[in-house]
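Notes follow once the structure below has been shown.
Hydrogens, waters and symmetry mates play no part in the numbers below; they use all other heavy atoms, side chains included.
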Amino acid sequence: MIIPSRPTSATRPSTNSASAPATPARITPKAFSPVSTFEAGATAKKPPKTPTTPVPTPAPAPQGPEDVPPSKSDPRYDGLKDQALINALHDAVSKHKDLGYNQARKIIFTALDNHDGIVKCVYTGKEVKTNKIPGSNVMNTEHTWPQSKGATGPAKADLHHLFPTDSKANSVRGNYPFGTVKNVKWEENGAKFGTDEKGRTVFEPPDEHKGNVARALFYFSTVYNKHIPADDEAVLKQWNKLDKVDAAEIARNDAIETYQQNRNPFVDDASLADRIADF
């Protein structure tokens, strides 16, 4: 997935934050240096009996579409679009607590995505029973924005784009871009890997996770000053409408706020994405 940084001609207001350092590009957090792909060889560690940072248990997600409140329109963004909206969103959410990668993984597998002792892969639906970080040959932490494309430093541990995934699916996705698969080379539970109508190698999540992927990438682009290629952006905007925000996604956004003190504004109001012509 080749995702270049946004051109240096675009600028954003500076944000003084230890967890989101500034960069000359848009006077936003410093662009992170590329590294290798996901933590393929990460060694599972048993969490200490008394963790340094307590892991609170989030409230259970409400069930049923009737429980989903309408999108929250934030007055801070009224009348804004394109770069002005990006700047305002960046200022509002870029400051957050850097949990560190080990703590972020512990939160995912023991609390955030652990429901009654079960953690489910967002791609294949496979489940693992656990109360700790599983072995890397069982389940991994998916960086929706790959580490090799800029998810390093504080971004590596940002829960808003991290999800539990089966190790096989995690390996298949690698760092390929997301897209609509036309020629399938691998498929499981609605997740697909292959080539799109233009012959690009892409990974397609199942329908129920497509919107989550889109909103996670819109957030990442906004906070970490990363450009989304036009072809990718067009697909993500379609997915943002196809798979609308549900009760579970809202509950996850609420829970993440308790851990790192910021929210994904595209979950709070998915229509914000339509007011930005170029991420």
Checklist entry - Lys241: what forms a salt bridge (Lys or Arg N to Asp or Glu O under 4.0 Å) with it, not counting sequence neighbours? => result Asp274
Next on the checklist: Phe193: which residues meet the ring-ring contact (aromatic ring centres under 6.0 Å, His included) condition with it, sequence neighbours left out?
Outcome noted: Tyr176
Checklist entry - Asn114 side chain to Phe109 main-chain N or O, any donor-acceptor pair under 3.5 Å? => result yes
Checklist outcome for this item: salt bridge (Lys or Arg N to Asp or Glu O under 4.0 Å) filter on Arg200, not counting sequence neighbours, yields Asp196, Asp232
Item to check | Test side-chain hydrogen bond (donor to acceptor under 3.5 Å, both in side chains) applied to Asp243 - qualifying residues, sequence neighbours left out | outcome: none
Checklist entry - Between His96 and Asp158, is there a donor-acceptor pair closer than 3.5 Å when you use the side chain of the first and the backbone of the second? => result no
Next on the checklist: For Ile118, give me all partners under side-chain contact (heavy atoms from CB on, under 4.5 Å), at least two apart in sequence or on another chain.
Outcome noted: Glu127, Lys129
Checklist outcome for this item: With sequence neighbours left out, the residues meeting side-chain hydrogen bond (donor to acceptor under 3.5 Å, both in side chains) with His209 are none
Next on the checklist: When you compare the side chains of Asn225 and His90, does any donor N or O come within less than 3.5 Å of an acceptor on the partner?
Outcome noted: no
Checklist entry - According to the interplanar angle, ranging from 0 to 90°, do the rings of Phe203 and Phe178 count as parallel (below 30°), tilted (30 to 60°) or perpendicular (above 60°)? => result perpendicular
Checklist entry - Would a distance-only check, ignoring hydrogens and angles, find a side-chain to backbone donor-acceptor pair under 3.5 Å from His161 to Tyr219? => result no
Item to check | Contact list for residues 184-193, test salt bridge (charged side-chain N to carboxylate O under 4.0 Å, His left out), sequence neighbours left out | outcome: Lys126-Glu188
Item to check | Residue list, salt bridge (Lys or Arg N to Asp or Glu O under 4.0 Å) with Asp207, at least two apart or on another chain | outcome: Lys210
Checklist outcome for this item: With sequence neighbours left out, the residues meeting side-chain contact (heavy atoms from CB on, under 4.5 Å) with Asp116 are none
Checklist entry - If only atom types and distance count, is the side chain of Arg215 paired as donor or acceptor with the main-chain N or O of Asn240 below 3.5 Å? => result yes
Checklist entry - Judged by atom type as modelled, is there a donor-acceptor pair below 3.5 Å linking the side chain of Ser221 to the main-chain atoms of Phe218? => result no
Next on the checklist: Taking Glu142's backbone N and O only, do any of them form a donor-acceptor pair with Asn140's side chain (distance below 3.5 Å, no angle check)?
Outcome noted: no
Next on the checklist: Holding to side-chain contact (heavy atoms from CB on, under 4.5 Å), I want the full list of residues that pass it with Lys168, two or more places apart in sequence or in another chain.
Outcome noted: Asp166, Val172, Trp186
Item to check | Those residues that, when tested against Lys182, pass side-chain contact (heavy atoms from CB on, under 4.5 Å) (two or more places apart) | outcome: Thr180, Glu197
Checklist entry - How would you list, by chain and number, every residue that makes a salt bridge (Lys or Arg N to Asp or Glu O under 4.0 Å) with Lys198, sequence neighbours excluded? => result Asp231
